[in-house]
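Shown next, in structure tokens, is the structure this report addresses.
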Amino acid sequence: MDQIVIRGGQRLKGRIPISGAKNAALTLLPCALLTDEPLTLRNLPRLADVDGFGHLLNQLGCSTTIEGSRPEDFGRVMTARTTTLTSTVAPYDIVRKMRASILVLGPLLARAGEATVSLPGGCAIGNRPIDLHLKALEALGAEIELASGYVKASAPGGRLSGGKFTFPVVSVGATENAVMAAVLANGSSILENAAREPEIVDLCNCLVAMGAQIDGIGTETLTIEGVDRLHGATYRVMADRIEAGSYACAAVITQGDVELVGAKASEMEATLAALREAGATVEETKAGIRVAMDGRAEPVTLSTAPYPGFATDMQAQFMAMATLGKGASLFTETIFENRYMHVPELARMGCDIDVRGRSAVVRGVDSLVGAPVMATDLRASMSLIIAGLAAEGTTEVNRVYHLDRGYERLEEKLQAVGADIERISAG
Ligand code: EPZ
């Protein structure tokens with residue numbers, strides 16, 4: 001398994017190109033199942049999860065072709081075409097490795113009137129049930145049966161009727177599945193308390209480009225008029241606001257000055273507000289967002305929340321940033337029940353973090369010491385990288401396959417702004 005080795009202490013200076021958003025790509029790809037015409041996605045990030053989703057689409061009968069790109073280019077162009085579905089089954093061995101596979105459930109129901117998708121099971125950050133996905137699809141007319149670890153869903157008469165559903169809890173994935181199911185329903189649908197993340201806006205905009213009729217995009221109430229068919233489209237994946245926020249935290253902890261090229265301030269206001277609370281200079285530029293820092297970060301008090309609140313996907317990265325800050329910072333994780341897996345690893349580097357249930361107090365220390373650490377999940381891995389960039393000595397991050405799921409060519413991007421970082425392939 002590969003390892004990333006960092007010799008800390010370099011201030012990051014320069015421009016970091018931000019890739020297409022993983023969490024947008026993973027809901028745009030299944031849209032290719034909704035039509036027999038080609039869907040072309042531009043600015044697709046080069047990530048393990050995107051490749052994994054492509055393989056799943058292939059298993060369902062969707063052909064995917066990647067346009068050639070120069071090695072130095074970030075992002076790729078993929079054309080996906082499902083002329084006819086050859087399967088409506090998403091098997092356990094795929095779903096257990098990539099939870100986002102559950103996002104084929106809605107599209108398969110919409111296109112074929114049936115779907116058999118393995119229950120995803122839990123993961124490092126929580127048990128992450130899919131009950132809201134299933135309840136929403138039932139509200140749209142689906143019949144759902146659970147049998148031996150699989151969800152068997154069907155649409156009576158082969159087509160969903162549409163309907164009304166109010167989400168009791170905001171759920172990104174359940175909203176995405178419901179939207180993708182509703183666009184081809186034989187009737188209209190209203191989704192209330194829907195998730196409003198920018199990735200959902202990206203999904204809705206892509207579906208509209210394919211001929212879907214969706215009102216209320218970007219709000220918590222989505223009204224969808226089902227249509228008989230969708231056509232192909234070409235759509236550009238939005239920039240990754242979480243990748244951008246992650247590198248912003250790296251800039252702050254190393255007291256650097258970076259420009260996040262392609263990042264959109266309007267999609268990351270809570271993150272930018274938190275950076276300013278930490279004392280960083282944050283300004284929009286023509287190409288993206290500049291983040292600069294002199295001195296140690298001010299203490300922050302952050303509680304995660306659904307968009308437009310402070311993103312749970314940014315919690316671990318801000319916590320790493322706070323470990324070298326002044327005073328005590330307070331974090332509260334309201335979305336997932338076990339999203340502090342990075343804490344024991346950060347403690348190995350000399351961080352002073354006290355976890356009490358859903359909250360964690362981070363007391364700034366004068367220095368961190370590089371150490372061998374273990375990545376446990378995607379964003380926890382990034383927090384170890386961020387701490388390693390500012391630690392004295394060498395940090396070895398193991399199990400970097402977690403990182404490869406969500407950060408395109410991370411070491412190249414960091415090397416280009418002065419980090420002393422390299423990937424050691426363990427064969
Ligand atoms: C998406 O996961 C993201 N993944 C996550 O990013 C992100 O952390 C999360 O949204 C919250 O923003 C992708 O987009 C691929 P949820 P998702 O449904 O859809 C509970 C990353 O690091 N819930 O919004 O799975 C759930 O347990 C990943 O890029 C139910 O109870 O998240 C959680 O507590 C990690 N029942 C809360 O809702 C359900 O049916 C929010 O989960 C569904 C969810």
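Values below: all heavy atoms of this structure, side chains included; hydrogens, waters and symmetry mates excluded. Sequence positions, counted from 1, serve as the residue numbers for this chain. Counting starts at 1 for both ligands and their atoms, following the listed order.
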> Between the main-chain N or O of Gly14 and the side-chain N or O of Glu259, is there a donor-acceptor pair closer than 3.5 Å?
Replying inline: no
>> Measuring from atom 28 (C) of ligand 1, which candidate in Asp49, Asp313, Thr27 has the nearest non-hydrogen atom?
In response: Asp313
>> Does atom OH (Tyr92) have a neighbourhood of more than 12 heavy atoms from anything else shown, all under 6.0 Å?
In response: no
> Is it true that atom CZ of Arg159 has more than 12 heavy atoms of other residues, nucleotides or ligands lying nearer than 6.0 Å?
Replying inline: yes
> Where do Phe331 and Tyr340 come nearest, in terms of heavy atoms and distance?
Replying inline: O-OH, 3.5 Å
Give yes if a backbone or side-chain nitrogen or oxygen of [X] is under 3.5 Å from a nitrogen or oxygen of ligand 1, and no if not.
| X | answer |
| --- | --- |
| Glu176 | no |
| Leu132 | yes |
| Glu197 | no |
| Glu337 | no |

> Looking at Glu138 and Lys135, does any basic side-chain N land under 4.0 Å from a carboxylate oxygen?
Replying inline: no
> Ion pair present between Glu199 and Arg241, side-chain N to carboxylate O less than 4.0 angstrom?
Replying inline: yes
> Within less than 4.0 angstrom of ligand 1, does Arg339 place any heavy atom?
Replying inline: yes
> Among the heavy atoms of Pro129, does any lie under 4.0 Å from an atom of ligand 1?
Replying inline: yes
Identify, by atom number and element, the atoms of ligand 1 in contact range of [X], meaning under 4.0 Å from any of its heavy atoms.
| X | result |
| --- | --- |
| Arg379 | 21 (C), 22 (O), 29 (O) |
| Gly173 | 18 (O), 19 (O) |
| Lys22 | 21 (C), 29 (O) |
| Ile335 | 33 (C), 34 (O), 37 (C), 41 (C) |

> Quick one: is the NZ or CZ of Arg409 closer than 6.0 Å to the six-membered ring centre of Phe74, and within 45° of its axis?
Replying inline: yes
Which bit of [X] is near ligand 1, meaning a heavy atom under 4.0 Å away: side chain, backbone, both or neither?
| X | value |
| --- | --- |
| Ser171 | both |
| Val172 | both |
| His133 | both |

>> Testing the 3.5 Å rule here: is there a donor-acceptor pair between the side chains of Asp377 and His402?
In response: no
> Do you see a donor-acceptor pair shorter than 3.5 Å between the side chains of Glu192 and Thr221?
Replying inline: no
>> Is atom 39 (C) of ligand 1 touching the protein, meaning some protein heavy atom lies under 4.0 Å away?
In response: yes
